[in-house]
Structure formats: structure tokens, C-alpha cells
Amino acid sequence: MTRPAKHSALVRLVCVAALFSMIILAIQSSLFTRSWNPELNISREDIRILSHFQSNLNQCVANRGLGLTAHIIDHCNVILKFPEGTNSTWYNAQFKVFEPLEYKYDVCEAILLWEQYRNMTTVLTREYLDSRPDGWFDYAAKRIAQLGADKCYNQTLCEEHLNLILPAKPPFHPRQFKRCAVVGNSGDLLKTQFGEEIDSHDAVIRDNEAPVNEKYAKHVGLKRDFRLVVRGAARNMIKILNGSDDEVLIIKSVIHRDFNTMIKKIRNPVYLFQGIVLRRGAKGTGMKSIELALSMCDIVDIYGFTVDPGYTEWTRYFSTPRKGHNPLQGRAYYQLLECLGVIRIHSPMRAKRNQDWSDVPSREMINSAHRAALRLKKKQAGKEAELGQFVNCKVWGKSGPYGTGPISGSADMTDTRKNSNYNRWEAMPSDSLREEARKHYTQMEGVSLYKMDGNKLDDLVCVKSEA
């Protein structure tokens with residue numbers, strides 16, 4: 001072929017590519033504007049912002065999803081699909097079906113949920129209960145296993161059970177740590193040597209009874225800061241801690257009368273976790289650990305989760321396999337969260353790739369999409385598009401200055417209590433926080449945000465600290 005012929009073929013190829021790109025753009029624009037409703041007075045600019053965010057998410061999943069693909073429905077909704085032939089081995093006995101190979105998500109709702117969670121307090125406190133209407137009589141009893149809602153007829157009764165784990169004010173704050181590692185229990189951890197990398201984080205969060213020792217050090221590290229435990233694992237707290245006085249225990253769900261005896265025997269701070277229920281997201285303690293981390297940390301790296309293709313049985317790095325949660329559902333949701341900028345995934349297959357995170361949305365892009373999603377939601381609900389940081393505060397309360405109020409624990413903890421590490425967190429002066437946390441505290445005007453009830457974060461209890 002002569003040089004002019006080659007040049008002509010190249011020009012034709014470029015023209016075809018340009019035409020193809022224009023067609024794709026037109027199709028996407030049609031998809032994104034099809035649901036635009038002038039009667040709702042929804043801004044075309046908001047639709048454009050959300051559409052751009054969706055396109056970025058689509059590309060991120062294509063680059064990082066290891067076979068997963070994102071299929072955009074409109075400016076808010078997306079379907080994540082697994083490749084045909086994916087081995088769906090988890091069987092739902094209730095509905096008599098295998099887990100599906102595609103999952104639909106509302107990206108706008110996900111942005112609103114997780115961006116608000118960054119500013120939340122996730123530990124139960126006295127100031128929260130004091131601010132809630134009927135907080136002690138109604139809500140407190142729900143967090144104590146032996147009491148029904150009608151049994152907490154006086155505050156003293158509830159305090160007997162909750163004093164050990166109830167700080168006066170939040171012991172942990174948004175932006176308190178820069179980088180946090182959430183370490184799951186997957187057997188995939190044995191395929192990697194992430195130990196040193198995990199230990200380099202400002203804080204490390206682990207789940208349940210997962211062991212931390214020299215045997216597994218090169219795989220999971222040795223650093224121990226927080227441990228989220230469910231009710232069953234909490235019964236083995238003393239064994240789990242294994243002499244680590246500094247590790248903070250966060251109990252998921254409710255406390256039990258038997259816990260009081262165990263708590264009094266240890267020096268470790270113990271708190272009760274306030275989480276949300278994710279209906280279509282990943283399930284389990286690992287997901288709750290991510291919630292906890294996001295409420296304290298700027299960057300959340302996850303290790304030891306079932307996020308690589310070919311994972312067909314629920315394994316743990318320290319014990320025999322057992323039945324667990326649907327791996328495909330979890331993998332899809334974690335991938336969504338990574339491409340929303342909520343978490344960063346580390347796994348055996350990803351360990352071999354260049355983790356530059358350039359395809360994850362920037363903070364500026366996330367903030368812009370969050371504002372657009374909030375305006376959209378308000379308009380759809382027929383409300384004014386308020387965008388203030390306290391727009392979801394339905395209940396307001398007041399609290400004393402930061403660092404005031406009783407520290408968790410009780411008088412009969414004696415020497416164990418006196419040598420505990422509660423003081424390190426609950427009496428911590430605000431100027432000891434990192435600069436980003438102090439700036440956030442100032443920006444929020446000294447207000448702590450707590451979830452109200454249920455599966456969503458639309459209604460908050462907001463408590464303002466006095467100067």
C-alpha cells in the first residue's frame with residue numbers, strides 16, 4: 001500500500017471513531033434527559049452534573065471492576081452486571097433462587113447516604129439520649145438485650161446497664177484520622193502480604209475474633225486500634241483482646257447483662273455502635289466496620305473482603321470455611337462504593353496492578369454531585385432545595401463544652417477502671433485533634449450529628465456543644 005493510501009485509511013478511521021463517539025454521546029444525553037421533568041423544575045445543570053458523575057462511575061467500574069460492568073439507566077440509576085458464565089453458587093433457600101448476576105443501585109441516594117455518614121457520630125452517647133424525645137424511656141431500652149421498650153421506666157435502670165459504655169460526648173470525631181485500614185477476615189488475605197501496608201495506616205479496624213499475632217503478621221499486620229464485635233463474639237472479649245490494652249472495642253447492636261461482668265475485667269474502652277441497615281448493600285460486620293471507619297477517617301482502605309472473581313466459598317484466614325453472605329452481592333456493592341470515592345479496595349488481584357486511584361472521582365466531583373443529588377431529592381419531594389449542613393436535623397439538643405461530662409465506666413471497676421484507656425479518648429482536648437478534624441469541628445459549629453432511627457439518614461438528632 002502506498003503512503004497516500006495509508007494516510008487516507010487513517011483519516012477514514014479517525015472520522016469513523018469521531019462519528020461513533022458523537023453517537024454514543026447523543027445516546028447518553030438522550031438517556032440522561034429523558035427522565036427530566038419540567039413540572040418539578042429540576043435544573044438541567046443538576047442533571048448534567050449527575051450525568052457526568054455517572055459517566056465517570058461507568059468508566060471507573062470498567063477499569064477497576066475485574067469483569068463487572070456498569071449499565072447506566074438514567075442520571076441516578078445504574079445496574080452493575082457480572083459477566084455471563086459467572087459462577088453463582090450462593091443459593092437463597094427462602095426464595096429458592098441462586099444469587100443474581102446483576103444489581104441495580106440508585107447512585108444519587110448512595111452519594112447522599114455516604115457523604116452524610118462522613119459527618120456522623122457512630123457511638124452512642126449521653127448527649128444523644130438526653131436530646132432525643134423520650135430517649136431514655138423509649139430508645140435506651142432497645143439497646144439493652146433484656147429490656148423491652150416498656151421496661152425502661154426510669155433513667156437509673158437504664159444507666160445501670162449503659163454506664164459502662166456510654167460516654168458523655170463523642171469520643172471519636174469526623175476527620176480524626178487521615179488513613180484507616182479496615183481488615184476483614186477473608187481467606188484471600190493469605191494470598192497476599194499486606195501486613196506492613198496495613199500497619200502503616202493511622203488506625204486499623206478489625207472484626208470479631210480475628211487473631212492478630214506473628215503467625216499471620218505478614219498477611220494482616222499487627223497494629224490494633226479498633227475492633228467491631230457482634231453479640232456472640234463479644235462474649236469472648238477477654239480472649240479476643242489477648243493482652244492488648246489499647247484496642248478499643250465497639251459492640252454492634254445491643255448489649256447483654258453478661259457483658260457488664262466482662263467489661264469490668266478489662267482496661268479497654270468499650271462502646272456501643274450506632275449503625276444503619278443497608279437493604280441492598282453488602283451485609284455483615286465488615287460493612288459496619290466501613291461505616292465506623294468512614295465516620296472517623298478521610299481515606300478508608302479495605303483488605304480481606306471477597307472482592308475478586310472466582311470466590312466461591314466463604315473462607316476465613318484463621319479457621320475452616322463456613323457459610324457466609326452472598327459474595328456477588330457484596331462484591332458489587334463494594335465496587336460501587338469504590339467508584340463513589342467511599343473506599344479503596346485492596347485484594348490479591350488488585351495487588352498486581354498500579355493503584356494510582358486516578359479513575360476514582362475527585363473530592364470536587366463528589367461534592368458537586370452530592371449538592372446536585374440533594375437539590376434533586378428536595379425538588380422531587382416538593383420542598384425547597386435547602387443545602388445547609390443541618391438541613392436534616394429534626395431534633396436539636398445542647399451539651400456542655402467539649403471534654404466535659406462523666407467518663408464511661410462505673411465506680412466498682414476499681415483499679416482496672418483507673419488504669420483504663422477511656423481517659424485517652426473521652427478527656428482528649430480538642431487541640432490534640434489533627435488540623436482537618438479541628439477545621440471540620442469549627443465548620444460544623446460544634447454540632448454533632450447522630451442518626452435518628454431506621455434505614456435512612458434523612459432525620460438526624462443534632463447536638464450543639466456550648467462554648
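- Side-chain atoms of Glu426 and Tyr271, non-hydrogen and from C-beta on, do get closer than 4.5 Å to each other.
- Taking the six-membered ring wherever Trp is involved, the centroid distance between the rings of Phe318 and Tyr216 does not fall below 6.0 Å.
- A salt bridge is absent between Glu436 and Arg175: the closest approach of a Lys/Arg side-chain nitrogen to an acidic carboxylate oxygen does not fall below 4.0 angstrom.
- A salt bridge does not link Lys377 to Asp106: none of the charged side-chain nitrogens sits closer than 4.0 Å to a carboxylate oxygen.
- Note that the CD1 atom of Ile255 and the CD1 atom of Ile144 stand 5.0 Å from one another [nearest 0.5 Å].
- Salt bridge annotation for Glu209-Arg316: present, with a cationic side-chain nitrogen under 4.0 angstrom from a carboxylate oxygen.
- Inter-residue side-chain proximity for Val395 and Arg132 is flagged as unmet; no heavy-atom pair is nearer than 4.5 Å.
- By the neighbour-count criterion of 12 heavy atoms within 6.0 Å, atom CD of Gln443 is densely surrounded, having more than that number from other residues, nucleotides or ligands.
- Looking at heavy atoms from C-beta onward, Thr122 lies in side-chain contact with Phe273 at the 4.5 angstrom threshold.
- By the 4.0 Å N-to-carboxylate-O rule, Arg344 lies close enough to Asp301 to be salt-bridged with it.
- Defined by atom type and a distance below 3.5 Å, a donor-acceptor pair is present between the side-chain atoms of Ser289 and Asp207.
- Gln176 places a side-chain heavy atom less than 4.5 Å from the side chain of Met428.
- Lys191 meets the salt bridge (charged side-chain N to carboxylate O under 4.0 Å, His left out) test with Asp188; sequence neighbours excluded.
- Under the side chain to side chain contact (heavy atoms under 4.5 Å, CB included) rule, Val229 has a single partner from Leu249, Val270, Ile250, which is Leu249.
- Classified by interplanar angle (parallel below 30°, tilted 30° to 60°, perpendicular above 60°), the ring pair Tyr333/Tyr105 is tilted.
- Between Trp425 and Phe226, the ring planes are tilted. Angles from 30° to 60° get that label.
- Residues Thr192 and Tyr303 bring no donor and acceptor atom of their side chains to less than 3.5 Å of each other.
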For Asp225 and His201: C-alpha separation, side-chain torsions, deciding distance, then whether side-chain contact (heavy atoms from CB on, under 4.5 Å) applies.
CA-CA 10 Å; Asp225 297 294; His201 287 75; over 6 Å; no
Going through the distances and angles, do His440 and Leu433 end up as a side-chain contact (heavy atoms from CB on, under 4.5 Å)?
CA-CA 11 Å; His440 175 78; Leu433 294 171; over 6 Å; no
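- Considering CH2 of Trp114 and CD of Glu109, their distance stands at 13.5 Å, rounded to 0.5 Å.
- By the 4.5 Å heavy-atom criterion applied to side chains, Leu376 and Asp46 are not counted as neighbours.
- Using a 4.5 Å heavy-atom cutoff, the side chains of Lys394 and Asn392 are in contact.
- Annotation: side chain of Met120 is in contact with side chain of Leu460 (closest heavy-atom distance under 4.5 Å).
- Using a cut-off of 4.0 Å between Lys/Arg side-chain N and Asp/Glu carboxylate O, Arg371 and Glu115 are scored as not salt-bridged.
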Tyr450 vs Ser131, side-chain hydrogen bond (donor to acceptor under 3.5 Å, both in side chains): CA-CA, chis, key distance, verdict
CA-CA 10 Å; Tyr450 297 86; Ser131 298; over 6 Å; no
Checking side-chain contact (heavy atoms from CB on, under 4.5 Å) for the pair Phe172/Leu292: CA distance, chi angles, key distance, verdict?
CA-CA 10 Å; Phe172 312 115; Leu292 175 65; 5.6 Å; no
Assess the residue pair Val391 and Lys378 against the criterion (side-chain contact (heavy atoms from CB on, under 4.5 Å)); give the C-alpha distance rounded to whole Å, side-chain angles, the decisive distance to 0.1 Å, and a yes or no.
CA-CA 11 Å; Val391 66; Lys378 293 291 181 181; 3.6 Å; yes
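- Between Pro269 and Arg424 the shortest side-chain heavy-atom distance does not fall below 4.5 Å.
- Atom CZ of Arg64 is separated from atom CE of Met349 by 13.0 Å, given to the nearest 0.5 angstrom.
- Between Trp136 and His161, the gap from one ring centroid to the other reaches at least 6.0 Å.
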